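Shown next, in structure tokens, is the structure this report addresses.
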Amino acid sequence: MIRLGIGLILAFVVLRLLNIYGDPQPWSVQQTPGKTVLAFLRTTKYPPSLEFLLMTLGPAMLIWASFERRQLGRYNPLVVFGRVPLFYFIVHLYVIHALTFLFALVRYGTAGFLRNPLPSLGGSAAPYPHGYGYNLAVVYVVWLLVVALMYAPCLYFAGLKDRRRDGWLSYV
């Protein structure tokens with residue numbers, strides 16, 4: 001796993017440096033070194049390019065290898081979320097959307113504009129309040145909040161899967 005992870009990362013670096021194959025968007029030197037690094041790392045996620053897969057799966061393999069011999073308890077969040085991934089995925093979308101409406105009501109006094117497609121998804125910016133959205137620090141705090149809120153339902157559902165043998169539970 002370690003060799004595979006390192007190999008994938010090296011393949012990403014080599015292909016990205018060559019800048020001729022692996023991603024439809026070539027990178028270029030920018031005004032500052034930091035922006036150049038970001039341009040180098042900016043790869044196509046949807047659909048995933050070869051370089052995106054190499055740069056994400058390589059480190060994932062290294063992380064996976066670091067956990068290979070560890071025994072994690074049944075209440076460890078990695079175990080809890082790992083036992084119910086589809087449940088987490090489906091429920092967290094509803095939690096995020098509920099929080100979106102709640103935050104809009106608190107910040108803007110209304111959430112009606114959320115019925116319109118987001119400008120980033122091709123919708124008009126006209127229905128949205130000026131400066132709509134939050135900075136990255138707030139986004140990270142909300143992300144951590146959603147993960148924390150999801151722990152108890154996922155723990156309950158993992159226990160339900162242990163207690164019952166209904167066929168549909170194996171898919172969720």
Side-chain angles (χ1 to χ4, degrees), residues 1-68 77-104 107 111 113-151 154 171-172:
M1 289 280 257
I2 292 171
R3 286 192 297 261
L4 180 60
I6 291 171
L8 292 174
I9 293 168
L10 290 175
F12 162 74
V13 171
V14 168
L15 279 176
R16 200 66 175 152
L17 284 173
L18 291 174
N19 216 16
I20 56 174
Y21 180 77
D23 195 87
Q25 299 296 321
W27 68 280
S28 61
V29 176
Q30 303 295 311
Q31 303 89 344
T32 65
K35 287 184 179 181
T36 300
V37 168
L38 290 176
F40 185 82
L41 294 175
R42 188 180 305 119
T43 57
T44 304
K45 183 177 182 180
Y46 297 113
S49 67
L50 172 63
E51 290 177 358
F52 175 83
L53 293 172
L54 292 171
M55 73 179 269
T56 54
L57 293 177
M61 294 288 182
L62 294 177
I63 292 168
W64 195 5
S66 74
F67 284 104
E68 193 169 24
L78 295 175
V79 173
V80 171
F81 294 136
R83 292 182 63 212
V84 292
L86 183 58
F87 176 82
Y88 178 93
F89 179 75
I90 292 169
V91 174
H92 101 282
L93 292 176
Y94 288 99
V95 170
I96 289 169
H97 285 280
L99 287 174
T100 300
F101 278 89
L102 177 66
F103 283 26
R107 184 171 182 187
F113 58 87
L114 292 172
R115 290 184 295 230
N116 301 295
L118 288 167
S120 61
L121 298 175
S124 170
Y128 286 85
H130 178 71
Y132 173 73
Y134 294 92
N135 65 38
L136 192 56
V138 173
V139 171
Y140 279 131
V141 168
V142 172
W143 168 66
L144 289 171
L145 174 68
V146 169
V147 172
L149 287 173
M150 289 299 299
Y151 181 80
C154 287
Y171 296 103
V172 186

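Fair warning: this is a prediction, and the values are worked out from it, not measured in the lab. Quick note: residue numbers are just sequence positions, from 1.
Within the 4.5 Å cutoff, no side-chain heavy atoms of Y134 are placed close to those of V141. Y94 is not listed as a side-chain neighbour of H97, based on a closest heavy-atom distance of 4.5 Å or more. Contact annotation: the side chain of L54 never approaches that of T43 to less than 4.5 Å [non-hydrogen atoms, C-beta and beyond]. Side-chain contact check for F12 versus L57: every heavy-atom pair is 4.5 Å or farther apart.
With 3.5 Å as the limit, one finds no donor-acceptor pair spanning the side chains of S66 and E68.
Closest approach of S28 to Q30, counting heavy atoms only: OG-NE2, 2.9 Å. Taking both residues in full, the closest heavy atoms of R16 and R42 are given as NH2-O, 2.7 Å, listed atom of the first, atom of the second, then distance. Taking both residues in full, the closest heavy atoms of T36 and W27 are given as CG2-CZ3, 4.0 Å, listed atom of the first, atom of the second, then distance. Y151 approaches P77 most closely through the heavy-atom pair CE1-CA, 4.0 Å. Summarising the geometry of K45 relative to F52, their closest heavy-atom pair is CG-CZ, 3.6 Å, with the distance given to 0.1 Å. Of all heavy-atom pairs spanning A65 and M1, the tightest one is CB-CB, 3.7 Å.
With R107 contributing its side chain and G133 its backbone, the two residues share a donor-acceptor pair below 3.5 Å.
Taking CG of L15 as the reference point, atom CG of L10 lies at 11.0 Å (rounded to 0.5 Å). Residue N116 holds its CG atom at 12.0 Å from CG of L121, rounded to the nearest 0.5 Å. Rounding to the nearest 0.5 angstrom, the gap separating the CG atom in L50 from the CE atom in M55 is 12.0 Å. Note: I96 CD1 to M150 CE = 9.0 Å, rounded to the nearest 0.5 Å.
Note on ring orientation: taking the six-membered ring where Trp is involved, the planes of Y140 and W143 are perpendicular (angle over 60°, cut-offs 30° and 60°).
Atom CZ of F89 sits in a sparse spot, with 12 or fewer heavy atoms from other residues, nucleotides or ligands closer than 6.0 Å. Annotation for F113: atom CZ counts as buried by contact number, over 12 foreign heavy atoms lying within 6.0 Å. Other residues, nucleotides and ligands contribute only 12 or fewer heavy atoms inside 6.0 Å of the CD1 atom of I2.
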